[in-house]
Amino acid sequence: MFEARLVQGALLKKVLESIKDLLNEATWECAATGISLQAMDSSHVSLVALNLRSDGFDKYRCDRNVSLGMNLTNMAKIMKCASNDDVITIKAQDDADTVTFVFETPNQEKISDYEMKLMNLDTEHLGIPDTDYSCIVKMPSVEFQRICRDLSQIGDSVVISCTKEGVKFSAAGDLGTGNVKLAQNANVDKEEEAVVIEMQEPVSLTFACRYLNSFTKATPLAPQVQLSMSSDVPLVVEYKLEDMGYVRYYLAPKIED
Amino acid sequence: MVGQGKISEFFIRA
């Protein structure tokens, strides 16, 4: 028996919104430690890895590991039936071919349940090596979203250049060029407004705007985003979920043929 | 020419 109850149900809705652009279907791996998911987008350019720790749920029971393969478009349809202040419970029997979502209003006067068919997905699990990144940038997630949106008007790819002074995002296209520079700024009133750079050596890497824009669908999940970069390895874009886990995106760099 | 790398070229099958 698997059962996970989240009073802050809106969080689950936001997590789903953050991945459904990239993934049509995915397997939610449920274990005693929590729920995790790892999947590549259909073109195998990016990878989503997320983790929701069991202690972040208000009630969590997982007698034995279960893999819940879901069509995320269908899951999103069901999640749209939950209000933002609803309490959400996910339930599945061991070896079940369906999952049940229960939505309760805070006053418990309305309780809805939706049963969805599960899928048997042939998922390829990738081992992600531990990497010492040359540059780690922490910045407001809204700012990152804005920069990705703005520069995708200019070109198809963004060059992210990082030095210890700051980080520069650049795009070039038929109409011309655009550059956005952010200076390191840790001395701000609010922690979430800080731009902090940890640099071992400067990097300059090129990434596709389309994927970066998809990653920014996670913006409502966290006030800050962390970009980890090294030459010739995938970029990591991480949104930390307070007291709960993370949503991470890995994006393969553009490479010289 | 600049091409798009695939994530599976960087991460190995577990």
Side-chain angles (χ1 to χ4, degrees), chain A residues 22-23 27 29 36-49 122-131 133 155-160 170-173 204-212 214-215 228-237 248-257, chain B:
Chain A
L22 288 162
L23 309 174
T27 300
E29 302 288 353
S36 61
L37 177 154
Q38 193 209 75
M40 283 186 280
D41 72 279
S42 58
S43 50
H44 291 198
V45 169
S46 68
L47 178 116
V48 179
D122 189 15
T123 41
E124 184 180 36
H125 201 84
L126 295 178
I128 301 165
D130 283 335
T131 307
Y133 289 96
D156 295 335
S157 34
V158 171
V159 180
I160 307 179
S170 310
S204 184
L205 294 163
T206 307
F207 299 103
C209 283
R210 186 162 80 83
Y211 291 94
L212 295 176
S214 290
F215 302 167
S228 304
M229 293 169 283
S230 279
S231 290
D232 305 320
V233 302
L235 162 77
V236 191
V237 179
R248 282 182 199 145
Y249 304 94
Y250 296 84
L251 177 59
K254 291 209 168 188
I255 43 177
E256 294 287 337
D257 282 345
Chain B
M1 269 296 286
V2 175
Q4 174 62 60
K6 302 267 186 197
I7 204 81
S8 42
E9 292 164 12
F10 295 92
F11 298 154
I12 19 156
R13 262 179 216 139

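Model, not experiment: these values are computed from the prediction. Residue numbers begin at 1 in each chain, while the letters A, B, ... track the order of the sequences.
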Interchain contact, A/Asp41 with chain B, by part (heavy-atom threshold 4.5 Å): neither
Which atom names give the shortest non-hydrogen contact between [X] and [Y], and what distance separates them?
X: B/Gly5; Y: A/Ala252; value: O-CB, 3.2 Å
X: A/Val45; Y: B/Ile7; value: O-CB, 3.5 Å
X: A/Pro253; Y: B/Gln4; value: O-NE2, 3.8 Å

B/Lys6 (side chain) donor-acceptor with A/Ser46 (main chain) under 3.5 angstrom: no
Test item: B/Phe10 and A/Pro129 side chains (from C-beta on) under 4.5 Å apart, heavy atoms: no
Separation between CZ of B/Phe11 and NE2 of A/His125, rounded to the nearest 0.5 Å: 11.5 Å
